[in-house]
Amino acid sequence: MKHFLTLRDYQQADIIEIIKLAIAIKKDYKENKERNDMHKKILGMIFEKNSTRTRVSFEAGIYQLGGNGIFLSGKEIQLSRGESIADTARVISSMVDMIMIRTFEHERLEEFAKFSHVPVINGLSDLYHPVQVIADYLTMIENGIFVKGSFDAAYKQDPRVVYVGDGNNMTHSWLLLAAIMGFEINVACPRGYMPKQEILEYAQKISTKDIRIYEDPNEAIRGCNVVVTDTWVSMGQEEQKEEKKKIFKDYCIDCAKMELADKEAIFLHCLPAYRGQEVSEEVLEGRQSRVFQEAENRLHAQKGIMVWLNKQS
Ligand code: CP
Ligand code: NVA
């Protein structure tokens, strides 16, 4: 049985299989072809943090594959009254076929997975957001940006991605995606807000391509094919908001920054976005933005992940 907690547990071939499933599933969905890959399967979804995209895409996704989802608010289940993760995992996993969890400390997910009888999917932790970057990679591919030899499609050039902003769960998952899939990535963060050193070093160790760290966002963006950012204030960090707004002010992706990237570069953001902070209104709504395609791809990518996991168990 396989879980989907972090891309560290995944090989390039696994991700290609998931993406190919997602592409096929998306095509069927667009052509109104019914699929029953998850016939009568139940997905339990535990949310200890807010969500729009993750909740709707998982719930709609399992239903569209012939199964059903149960939404469990972290505040409403006994977990919030002190029932242990181990007991919760054993109980819920004895009743459903797959579980998605959005939580704070990544260790909570690992503990849950240790006691679960069914596959567990990370729907975001403080450390990683792996389901998001599968959707992001699908969006890159659909825009002709992918690694040579991985897909049967017109290949343009070796892609270089740049992530600008807070070194957070998204940065960590992008670093791992780049390392596993074999594309270059630049990361630009203010001093003190860099990604975790251990994750960076792991990604650099396994990657065949360059992974570079910058403090200067302009230097990092130059010539890149994909420009990525995320909120400066992740869930759980709300008290840092005002301080971070000052520290990150030069890291806003505006038109001047996009000018430095490749002229065909696309802009990605996992959303929700804070216009005027990490991204300007013009860029978010502009010709290079693919953020709504990216958001829609959460549905198709996660269907691919669920079907792939179901096949492994
Ligand atoms: N990108 C993302 O995970 O969005 P939600 O927080 O709305 O689920
Ligand atoms: N880094 C953000 C991503 C939200 C989808 C957070 O953790 O809040």
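Whatever order the structure lists ligands and atoms in, that order sets their numbers, starting from 1. No experiment lies behind these values; they were computed from the predicted model shown. In what follows, every heavy atom counts, from backbone to side chain, and hydrogens, waters and symmetry copies are set aside.
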Hey, can you tell me if Y10 and F4 have their rings parallel, tilted or perpendicular (30° and 60° cut-offs)? perpendicular
Residue and atom name of the nearest protein heavy atom (relative to atom 3 (C) of ligand 2), distance in Å to one decimal: D230 OD2, 3.6 Å
Is a salt bridge present between R8 and E198, judged by a nitrogen-to-oxygen distance below 4.0 Å? yes
Contact (N/O only, under 3.5 Å) between L124 and ligand 1: no
Judged by atom type as modelled, is there a donor-acceptor pair below 3.5 Å linking the side chain of E76 to the main-chain atoms of L72? no
Checking ring-ring contact (aromatic ring centres under 6.0 Å, His included) for the pair W232/F248: CA distance, chi angles, key distance, verdict? CA-CA 7 Å; W232 295 335; F248 283 79; 5.6 Å; yes
Which of the ligand 2 atoms, numbered from 1, are nearer than 4.0 Å to a heavy atom of L124: 3 (C), 4 (C), 5 (C), 7 (O)
To the nearest 0.1 Å, how far is atom 7 (O) of ligand 2 from its closest protein heavy atom, and which atom is that? N169 ND2, 2.8 Å
Are E296 and K30 ion-paired here, with the side-chain N under 4.0 Å from a carboxylate O? yes
Where's the contact between L271 and ligand 1, heavy-atom distance under 4.0 Å: side chain, backbone, both or neither? backbone
N68 versus Y63, closest heavy-atom pair with distance: OD1-CD1, 4.5 Å
Name the option, out of R102, R53, M170, M235, that contains the heavy atom nearest to atom 6 (O) of ligand 1. R102
Between ligand 2 and R102, is the shortest N or O to N or O distance under 3.5 Å? no
Using a 4.0 Å heavy-atom cut-off, say whether R55 meets ligand 1 through its side chain, its backbone, both or neither. neither
Close-contact set for ligand 1 against C270 heavy atoms, below 4.0 Å: 1 (N)
Any donor-acceptor pair under 3.5 Å linking the side chain of S80 with the backbone of I77? yes
If you scan protein heavy atoms around atom 7 (O) of ligand 1, the nearest is T52 N, 2.7 Å
Looking only at protein heavy atoms, which one is nearest to atom 2 (C) of ligand 1, and what is the separation? R298 NH1, 3.2 Å
Starting from atom 8 (O) of ligand 2, find the nearest protein heavy-atom neighbour and note its residue, name and distance. M235 N, 2.8 Å
Using a plain distance cutoff, I'd like to know if Q132 has any nitrogen or oxygen under 3.5 Å from a nitrogen or oxygen of ligand 1. yes
Backbone N or O of T54 within a donor-acceptor pair of the S57 side chain at under 3.5 Å? yes
Could you list which atoms of ligand 2 come closer than 4.0 Å to a heavy atom of L271? 5 (C)
Keeping the roles fixed (side chain from S84, backbone from D87), state whether a donor-acceptor pair exists under 3.5 Å. yes
